[in-house]
Amino acid sequence: MSTDVRVRFAPSPTGPLHIGGLRTALFNYLFAKKHNGTFILRIEDTDQNRYVEGAENYIVDALNWCEIPFDEGPGKEGNYGPYRQSERKHMYSAYAEELVDKGAAYYAFDTTKELAQARTTAEAKKETFIYNHNNRLTFTNSLTLKADEVQKRILQGDAYTIRFKPELKTLDMFDEIRKGIEIDTSLLDDKVLFKSDGMPTYHLANVVDDHLMKISHVIRGEEWLPSMALHVLLYESFDWERPKFAHLPLILKPTGKGKLSKRDGDKMGFSVFPLEWKDPTSGEISTGFKEDGFLPEAMVNILAFLGWNPGSDQEIFSVQELITAFSLEKVNSSGAKYDPEKAKWFQQQWFVHQDNAVAGAAFAKALQEKNISYGSEDYVSIVTGMVKERAVFTEDLFKLAGFFFEAPKTYDEKNAKKAWNEATNEIMSNVIKVIKATEDDSAAGLSAAIKGWITSEDMSFGKVMMPLRIALVGSLMGPDVFEIASMVGKNETVNRIETAMQKLG
Ligand code: GLU
């Protein structure tokens, strides 16, 4: 069984992928890899009206960024391609016809106008219009027209759709997460499977492709749960083995009330898309986790906990660890609240977890972008290692460690005032002499020399240490002051003290 696991992520390229969509992709990926199976990307682009330029690339870029690659999909042709439904459109009509032949579907010739009329009439009676077993025999379709009339209409090119005719019964279904579900199929409508423009609807294309691509498990968002009955009935009508289904919980607003939307992110200042997205029509830019500074490892970890938990205290998981720990049994059926603070916590954990060289390389790149010279990458790595515990994003390193690269441009007024009095300039001139005379310019060497001098002068440490830190950093923050002095070097330390003497003395 385990080698037969084939799952798919089947987004419609109608815009940027929301984190909910990326979570669906991740859970499919984890499930596939856990069972040595295949993870497929299928682009469901049959609805040309909703097609958005760039959306497919965005989806692929987002998967690549998170390092959850698909095994088969556009550009990675396997044995079941093509993987874009628009390139498969010639395949679907035969399946729709097959259902008509089997009596499970029928041609419907109703015009848009007639349907609108029926809808208005129903609404006037305060009823919702639904085209199904209750009224299908009052419409113009192959169930009400004579066979030769149907043929004639088709031959003369009349527009028609193909509608499904659900068998009336109590349908027993099983969802891996929600368990047994019972549906009275008389409540369903006669869904259009094939449109008058010659394209299948989502339902037909989705089921046909899942069958043809030998999908073993359909893992998708809860918003598709209402379609499950129709899909199961379609499998029954085709007499195909149905895949297992698992509907992942909704991702909710931080308040827990309602689905998380882009608007919530805008209002509260967080991203709901993995990558930045520029709307091709309006030009509007939506921010992304990547550009906000999140690491892909953090993104994956955040997504994993939206609806799943390992059942233990462990919270930090790499993709590999997730593959081992993941199971559909541990996915919750109730909605998963998105907590932006928790997301930052995951990011902080992964940020600190990084190798100094890796975090340093990212910081070096950021320094370069701001035209700040940094010496060598090794230097940046050491600096990064000294302060990274207090950072969440690379961007934070500027504040925490900017003084390792540039002399302070301003001084923290309150503390500068406290640190500098009439006697300070003279003291600092002597400190400069001590520094210049010190051969050992390591942190320990500088510390020993300066502290030795302070002791020999019988001075209080604060009188030296505070101004020294203000001169080097511009404020009272930062790691050990001798470490800083040693890192920036004796000359630069002396320069900074002299500047501070001029500006603050
Ligand atoms: N094309 C659907 C979507 O955009 C796929 C739903 C499914 O996975 O069946 O989410």
Side-chain angles (χ1 to χ4, degrees), residues 7-29 39-66 68 70 73-75 82-89 92 191-210 213 215 218-228 230-231 247-248 250-253 258-266 271-291 299 303 306 338:
V7 294
R8 84 310 192 264
F9 175 48
S12 299
T14 55
L17 191 62
H18 178 279
I19 49 171
L22 192 56
R23 193 262 326 249
T24 299
L26 174 67
F27 284 19
N28 273 284
Y29 173 83
F39 173 50
I40 296 151
L41 173 66
R42 184 173 73 225
I43 300 294
E44 301 210 323
D45 57 351
T46 53
D47 191 348
Q48 292 299 321
N49 297 327
R50 294 180 61 221
Y51 181 83
V52 173
E53 185 75 43
E56 181 185 321
N57 281 342
Y58 182 98
I59 292 162
V60 173
D61 290 347
L63 297 180
N64 287 341
W65 178 56
C66 289
I68 48 175
F70 50 91
Y83 295 91
R84 263 184 219 105
Q85 286 185 333
S86 58
E87 291 166 18
R88 305 169 63 82
K89 59 182 174 214
Y92 304 109
K191 273 270 184 295
V192 173
L193 299 177
F194 203 78
K195 295 181 287 185
S196 55
D197 64 2
M199 286 292 251
T201 57
Y202 151 72
H203 301 290
L204 180 69
N206 183 272
V207 166
V208 166
D209 284 347
D210 281 347
M213 294 182 179
I215 298 303
V218 168
I219 304 172
R220 61 186 174 191
E222 181 175 329
E223 58 274 30
W224 301 103
L225 190 58
S227 303
M228 184 176 167
L230 169 62
H231 295 184
H247 289 88
L248 306 175
L250 291 176
I251 297 181
L252 306 176
K253 299 176 194 295
K259 251 170 96 165
L260 178 71
S261 72
K262 169 168 150 49
R263 226 171 323 127
D264 302 314
D266 289 345
S271 297
V272 300
F273 301 121
L275 312 175
E276 191 176 275
W277 166 258
K278 184 170 176 198
D279 188 282
T281 336
S282 67
E284 191 200 340
I285 302 221
S286 303
T287 60
F289 276 79
K290 180 180 176 207
E291 292 74 13
M299 178 88 265
L303 296 173
L306 289 173
Y338 179 72

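Note that these values count all heavy atoms, side chains included, but never hydrogens, waters or copies made by symmetry.
With a 4.5 Å cut-off on side-chain heavy atoms, Ile19 and Tyr338 count as touching. Using a 4.5 Å heavy-atom threshold, the side chains of His18 and Leu260 count as touching. Inter-residue side-chain proximity for Leu17 and Trp277 is flagged as unmet; no heavy-atom pair is nearer than 4.5 Å. For the pair Pro74/Leu41, a side-chain contact is recorded, criterion being any heavy-atom separation below 4.5 Å from C-beta on. Put simply, the side chain of Tyr58 does not reach to within 4.5 Å of the side chain of Pro13, judged on heavy atoms. With contacts defined as side-chain heavy-atom distances shorter than 4.5 Å, the pair Val272/Asp264 does not qualify.
With rounding to the nearest 0.5 angstrom, the NZ atom of Lys259 is 9.0 Å from the CD atom of Glu222. Here Ile59 contributes atom CD1 and Leu22 contributes atom CG; the two are 10.0 Å apart, rounded to the nearest 0.5 Å. Atoms CE and OG, on Met299 and Ser271 in that order, are 9.0 Å from each other to the nearest 0.5 Å. Once rounded to the nearest 0.5 Å, the distance linking CZ of Phe70 with OH of Tyr83 reads 10.5 Å. Ile251 contributes atom CD1, which lies 4.5 Å from atom CG of Leu306 (distance to the nearest 0.5 angstrom).
Among residues two or more places apart in sequence or in another chain, the side chain to side chain contact (heavy atoms under 4.5 Å, CB included) test is passed with Thr24 by Phe9, Asn28, Leu248. Legend: residues meeting ring-ring contact (aromatic ring centres under 6.0 Å, His included) with Trp224, ordered by chain and number and at least two apart, are Tyr202. Under the rule for a side chain to side chain contact (heavy atoms under 4.5 Å, CB included), the partners of Ser282 that lie at least two apart in sequence or sit in another chain are Asp279, Glu284. Residues satisfying the side chain to side chain contact (heavy atoms under 4.5 Å, CB included) test with Ala10, not counting sequence neighbours, are Arg8, Arg42, Glu44. The side-chain hydrogen bond (donor to acceptor under 3.5 Å, both in side chains) check on His203 picks up His231, with sequence neighbours excluded. Applying the ring-ring contact (aromatic ring centres under 6.0 Å, His included) rule to Tyr29 yields the partners Phe39; only residues at least two apart in sequence or on another chain are considered. With sequence neighbours excluded, no residue forms a salt bridge (charged side-chain N to carboxylate O under 4.0 Å, His left out) with Lys290. In this structure, the side-chain hydrogen bond (donor to acceptor under 3.5 Å, both in side chains) partners of Ser86, at least two apart in sequence or on a different chain, are Asp45. In this structure, the ring-ring contact (aromatic ring centres under 6.0 Å, His included) partners of Phe27, at least two apart in sequence or on a different chain, are Phe326. Partners of Arg23 according to the side-chain hydrogen bond (donor to acceptor under 3.5 Å, both in side chains) rule, which considers only residues two or more places apart in sequence or in another chain, do not exist here.
Checked against Pro200 for a side chain to side chain contact (heavy atoms under 4.5 Å, CB included), the options Leu193, Val208, Thr46 give a single hit: Thr46.
Among all heavy-atom pairs drawn from Met213 and Pro82, the shortest one is CE-O, 3.7 Å. Listed here is the closest heavy atom pair of Pro274 and Ala62: CG-CB, 3.9 Å.
The side-chain hydrogen bond (donor to acceptor under 3.5 Å, both in side chains) contacts involving residues 47-57 comprise Glu56-Arg84, where partners must be two or more places apart or lie in separate chains. Screening residues 191-200 for side-chain hydrogen bond (donor to acceptor under 3.5 Å, both in side chains) gives Asp189-Lys191 as the qualifying pairs, with residues at least two apart or on separate chains.
Distance alone, capped at 3.5 Å, places no donor-acceptor pair between the Glu276 side chain and the Glu291 backbone.
With a 6.0 Å radius and a threshold of 12 heavy atoms from other residues, nucleotides or ligands, Lys89 has its NZ atom at or below the threshold.
In this model, a donor atom of one side chain and an acceptor atom of the other lie less than 3.5 Å apart for Asp209 and Tyr92.
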